[in-house]
**Student:** 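Can you read through this structure? Questions will come right after.
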Protein chains: 2
Amino acid sequence: MKHTYEYPRAALTVDCVVFGFDSAQAALQVLLIRRGLAPFKDHWALPGGFVRVEETLDDAARRELEEETNLSTVFLEQLYTFGTVDRDPRERVVSVAYYALTKPTDHTAAASTDAAEARWFPVTEIPPLAFDHATILDTALVRLRGKLRYEPIGFELLPPKFTLTQLQRLYESVLGTPLDKRNFRKKVLSHNLLVPLKETHREGTHRPAQLFRFDPVRYEKLRKKGFLFEI
Amino acid sequence: MKHTYEYPRAALTVDCVVFGFDSAQAALQVLLIRRGLAPFKDHWALPGGFVRVEETLDDAARRELEEETNLSTVFLEQLYTFGTVDRDPRERVVSVAYYALTKPTDHTAAASTDAAEARWFPVTEIPPLAFDHATILDTALVRLRGKLRYEPIGFELLPPKFTLTQLQRLYESVLGTPLDKRNFRKKVLSHNLLVPLKETHREGTHRPAQLFRFDPVRYEKLRKKGFLFEI
DNA sequence: TGACTTCGTGTAAAAATCACACATTACTTC
DNA sequence: GAAGTAATGTGTGATTTTTACACGAAGTCA
């Protein structure tokens, strides 16, 4: 019953779901690139590409992100591996998907790629995507929503200094529910992980808001003791 | 700057972390097989093997599980993909790891494999493992602990009919904390997902315990409405 | 100086969590 | 058949957490 069997080699890719948050519009966004080559030429797709033999999966994801979107030093985490047989019409291709969270400062960098057209899309207005990228995107959204509730990853989508209102809008956009202002502030401040800054955020025609930064060092200490950042 | 580039093919494997729960000893266990071939000959390892070109990753995991451990129809979920360059001394091998939860009825089936020696080990007494399987196992344990707190997957480790004490012991073993009997029962029953049966569990020299079964249909309905099974 | 807009704050009611002890039931043994 | 043994099954009050909710303060602009 046993065959002599030459181990198959599969083409391996990484694909990245890059999230950004537009505070002005309070909209969660995803970075897509337009494909220049077949298959799915001219379709929008997740940035990604083939894994090289001498690099880890994480390295491949970072490299592709940098090559295709000019983004570096972002929060990047493995999401899921997609391995249905026909997901690529050419041949068997297995894709290890990642998701990335970017700060607004990175946004212009990402947009200015000229290798391929790159654009931010609100998650509510995603165009048809190449391959099974719509599935990958859905998976990433579910993961992001889940993580946001018990890990402090929202800060990865905000500038280093942010106001509590910005943070609240972010949570509301991602989770899809309105939150009570006073209760939200009470809760996030109760962890003592937000450091109030001397500066304020002045914008428009109203009272300026207190700026905060997230304290990752303190968080790391607490996390090791089993602390959960719950919202 | 662009090379002509032959896409690399990587050898792809699946590895499975198979969990079982021994109610008698209140011990979470993992199924390991002893390798018959180099590398790591005679070392203990996770069951797994190469992915074939014409099968999905999930199919490959199920097939390997069946071939190596006689286990079928178990709870199986993708865990993480391990892709460091040197994890296999022979060549670049990327492994998509899965974790499985088995009911006690499957345990003897698993043990009786003769293709390779297979044995259950308490998670507290894991021998040195081949490759990076210790890392994979750790990842699976963390995932299991996390999931158990807000998804009803504990039932996958118990027989179809079980007592509340068995369920409590399971939670205690996996989470590593003792739980209050009255509070635990109040909580799990409050979801109305456990159906009391007419039968009782009679064992030893003491009062028999009420048997329950989990109602997966009802859970599915609730889950779609955003219900979270929290313990 | 008045109109406008967002910021920042406290309290009381309701709900969830936690700590905790003893009578019940069946089996075994004498 | 009485006494001993071992695990089951059950309720309450104290504490903590969550929820709902409104208005004065601070700044800009006309």
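Each chain gets a letter, A, B and so on, in the order the sequences are listed, and its residues count up from 1.
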**Student:** Here's one to test your reading of the geometry: is the NZ or CZ of B/Arg182 within 45 degrees of the ring axis of B/Phe184 and under 6.0 Å from its centre?
**Tutor:**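 No - B/Arg182 does not lie over the ring of B/Phe184 by the 6.0 Å and 45° rule.
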
**Student:** Base, sugar-phosphate, or nothing for B/Arg185, non-hydrogen atoms under 4.0 angstrom?
**Tutor:** base

**Student:** By nearest nucleotide on DNA chain D, pick out whichever of A/Arg202 and B/Phe212 is the more 5' one.
**Tutor:**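 Upstream on the strand: B/Phe212.
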
**Student:** Assign A/Glu203 to base, sugar-phosphate, or nothing according to its heavy-atom contacts below 4.0 angstrom with the strands shown.
**Tutor:** nothing

**Student:** Nucleotides 1-7 of chain D: which of its N/O atoms have a protein N/O under 3.5 Å away?
**Tutor:**
none

**Student:** Calculate the interatomic distance between A/Lys186 atom NZ and D/dA20 atom P; express it in whole Å.
**Tutor:** 11 Å

**Student:** Could you state the atom-to-atom distance from CD of B/Gln168 to C1' of D/dT8 in whole Å?
**Tutor:** 12 Å

**Student:** Between B/Lys187 and C/dT17, is there a contact of a side-chain N or O with OP1 or OP2 at under 4.0 Å?
**Tutor:** yes

**Student:** Any salt bridge (charged side-chain N to carboxylate O under 4.0 Å, His left out) involving residues 145-162 of chain B? Give me the pairs, sequence neighbours left out, ordered by first then second residue.
**Tutor:** B/Glu77-B/Lys147, B/Lys147-B/Glu151, B/Lys161-B/Glu199

**Student:** Between B/Arg182 and A/Leu164, just flag the one whose closest nucleotide in DNA chain C comes earlier from the 5' side.
**Tutor:** A/Leu164

**Student:** With sequence neighbours excluded, give me every salt bridge (charged side-chain N to carboxylate O under 4.0 Å, His left out) pair touching residues 166-175 of chain B.
**Tutor:**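 Pairs touching residues 166-175 of chain B that pass the test: B/Arg169-B/Glu172.
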
**Student:** Grab the CG-C1' distance between A/Asn183 and C/dA12 for me, whole Å please.
**Tutor:** 13 Å

**Student:** Specify the separation, in whole Å, of atom NE2 of B/His191 and atom P of C/dA16.
**Tutor:**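 Distance check: B/His191 NE2 to C/dA16 P gives 11 Å.
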
**Student:** Taking side-chain contact (heavy atoms from CB on, under 4.5 Å) as the test, write out the residues that go with A/Glu66, two or more places apart.
**Tutor:** A/Ser72

**Student:** With A/Arg87, which residues qualify under side chain to side chain donor-acceptor pair (under 3.5 Å), at least two apart?
**Tutor:**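 Testing A/Arg87 for side chain to side chain donor-acceptor pair (under 3.5 Å), a comparison that skips the adjacent residues, returns A/Asp132.
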
**Student:** Who passes side-chain contact (heavy atoms from CB on, under 4.5 Å) against B/Thr163, sequence neighbours left out?
**Tutor:** B/Thr165, B/Gln166, B/His201, B/Ala209, B/Leu211

